[in-house]
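Let me begin by presenting the structure, written as structure tokens, before commenting on it.
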Amino acid sequence: MLLPALRLVGWLALLSLGLPALAAPPPQAFSARYHLQVDGWPDADIRHRLSHDGGTWQSEMRTELPGAWGREWGRFRVAEDRVRALHYAAGYSLLGIQRGYSLDRRELGALPDRQSALVALARRAIGDACSRDCPLHYRDHRGREAVLRYRVLGRDALSLPLGRFERVRVALTEPGEAGKRLVLDLDARRPGLLLALEYHRDGQRRSRLTLTALAEP
């Protein structure tokens, strides 16, 4: 179960942008919990925390299962209406076998990391809707440059057990993978907060993530 869960976490975090956000709200600190359902695997929970420390922000996602865990953490700054990544780290453990990754500012260069992703994408989507495929350039967990494409599908209200939210719906695809698509419901007021997520492959929904808890300082 860990690997599919972490793959979804990775997809969430791959949304890093090197583009400015236009007329977008500033980040807001929060702690959230998501429930993840993956076809053929037991359900899992993912914890997501966005916090502020001085002039920088920290975004962290983690999931834990018996005998396995995964964590991604990124530090960034919002300056001149841009999200600038400062540091990224990730660690995974499966049956006692562990792997870790780390990228500093020099290795990141001008491209954001995976964890400053959701904030950057949300601010871009909220402030400047892209109705056609727009490129997203980022560095993956190994520091390699990669690209995804996103499209804003619309903006409306979404009712959840936690309350009513204003959402921005975004579709994400990978070049050369026409049969795969990720649909994100982003909170229009809290950049970085996910309301829901669906992963589609070959025309069928394979995974679903939903917001189940939210706390703000």
Side-chain angles (χ1 to χ4, degrees), residues 9 11-34 46-62 72-89 103-105 108-131 134-139 148 150-160 162-172 182-197 209 211-217:
V9 173
W11 268 94
L12 302 182
L14 288 181
L15 315 176
S16 308
L17 299 179
L19 299 173
L22 305 177
Q28 298 183 41
F30 64 80
S31 294
R33 184 181 294 269
Y34 309 122
I46 296 175
R47 287 173 287 172
H48 182 199
R49 182 171 181 260
L50 183 66
S51 59
H52 190 246
D53 182 13
T56 63
W57 290 86
Q58 291 83 38
S59 177
E60 179 185 12
M61 286 186 179
R62 63 169 62 209
E72 288 196 349
W73 178 89
R75 183 163 57 91
F76 62 93
R77 177 179 290 114
V78 178
E80 298 177 358
D81 222 13
R82 291 176 181 264
V83 174
R84 300 181 183 276
L86 303 174
H87 179 73
Y88 166 85
L103 300 173
D104 60 24
R105 188 183 309 188
L108 290 165
L111 295 178
D113 65 87
R114 304 202 325 173
Q115 268 301 311
S116 51
L118 290 175
V119 173
L121 177 65
R123 286 170 59 80
R124 183 66 183 180
I126 294 167
D128 185 22
C130 178
S131 59
C134 298
L136 310 178
H137 295 274
Y138 65 94
R139 293 202 184 277
L148 296 172
Y150 82 97
R151 174 183 299 188
V152 177
L153 303 178
R155 183 168 179 160
D156 59 11
L158 177 66
S159 293
L160 298 175
L162 295 177
R164 189 174 177 85
F165 297 84
E166 184 180 359
R167 73 171 170 182
V168 177
R169 174 159 276 205
V170 178
L172 190 72
L182 194 69
V183 179
L184 309 175
D185 289 339
L186 305 173
D187 190 323
R189 293 181 54 248
R190 305 172 185 85
L193 177 64
L194 280 164
L195 303 177
L197 174 152
L209 178 143
L211 175 68
T212 57
L214 175 63
E216 296 175 293

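Remember, it's a predicted structure, so these values are computed and weren't measured experimentally. In this chain, residues are counted from 1 in sequence order.
In this structure E166 satisfies the side chain to side chain donor-acceptor pair (under 3.5 Å) test together with R155, sequence neighbours excluded. Listed by chain and number, the residues in a side chain to side chain donor-acceptor pair (under 3.5 Å) with R77 amount to none (sequence neighbours excluded). By the side chain to side chain donor-acceptor pair (under 3.5 Å) test, D187 is found to be paired with R190, residues two or more places apart in sequence or in another chain being considered. Take A213 and apply the side chain to side chain contact (heavy atoms under 4.5 Å, CB included) test, not counting sequence neighbours, and it matches R33. Not counting sequence neighbours, the partners of Q58 by the side chain to side chain contact (heavy atoms under 4.5 Å, CB included) test are S51, D53, T56, W73, R75. Under the rule for a ring-ring contact (aromatic ring centres under 6.0 Å, His included), the partners of F30 that lie at least two apart in sequence or sit in another chain are H48. Listed by chain and number, the residues in a side chain to side chain donor-acceptor pair (under 3.5 Å) with D104 amount to none (sequence neighbours excluded). Residues passing the salt bridge (charged side-chain N to carboxylate O under 4.0 Å, His left out) test with R47, sequence neighbours excluded: E64.
Between A29 and P217, the shortest heavy-atom distance links the atoms O-CD, 3.4 Å. In plain terms, the two heavy atoms of R123 and P191 that are nearest each other are CG-CB, 3.8 Å. Across A157 and R164, no two heavy atoms sit closer than the pair CB-NH2, 3.3 Å. Shown here for P27 and V78, the closest heavy-atom pair between the two residues is CG-CG2, 3.9 Å.
For the pair E72/S59, no side-chain contact is recorded, criterion being any heavy-atom separation below 4.5 Å from C-beta on. Side-chain atoms of Y150 and R124, non-hydrogen and from C-beta on, do get closer than 4.5 Å to each other. Annotation: side chain of L214 is in contact with side chain of F165 (closest heavy-atom distance under 4.5 Å). For the pair L186/L194, a side-chain contact is recorded, criterion being any heavy-atom separation below 4.5 Å from C-beta on. By the 4.5 Å heavy-atom criterion applied to side chains, V119 and W57 are not counted as neighbours.
For the atom pair OG1 of T212 and CG of L162, the computed distance is 7.0 Å after rounding to the nearest 0.5 Å. The line from CG of L211 to OH of Y34 is 6.5 Å long, rounded to the nearest 0.5 Å. Here the straight-line distance linking atom CZ of R167 with atom CD1 of I126 works out to 14.0 Å at 0.5 Å rounding. Summarising the geometry, atom CG belonging to L193 is positioned 10.5 Å from atom OG belonging to S31; distances are rounded to the nearest 0.5 Å.
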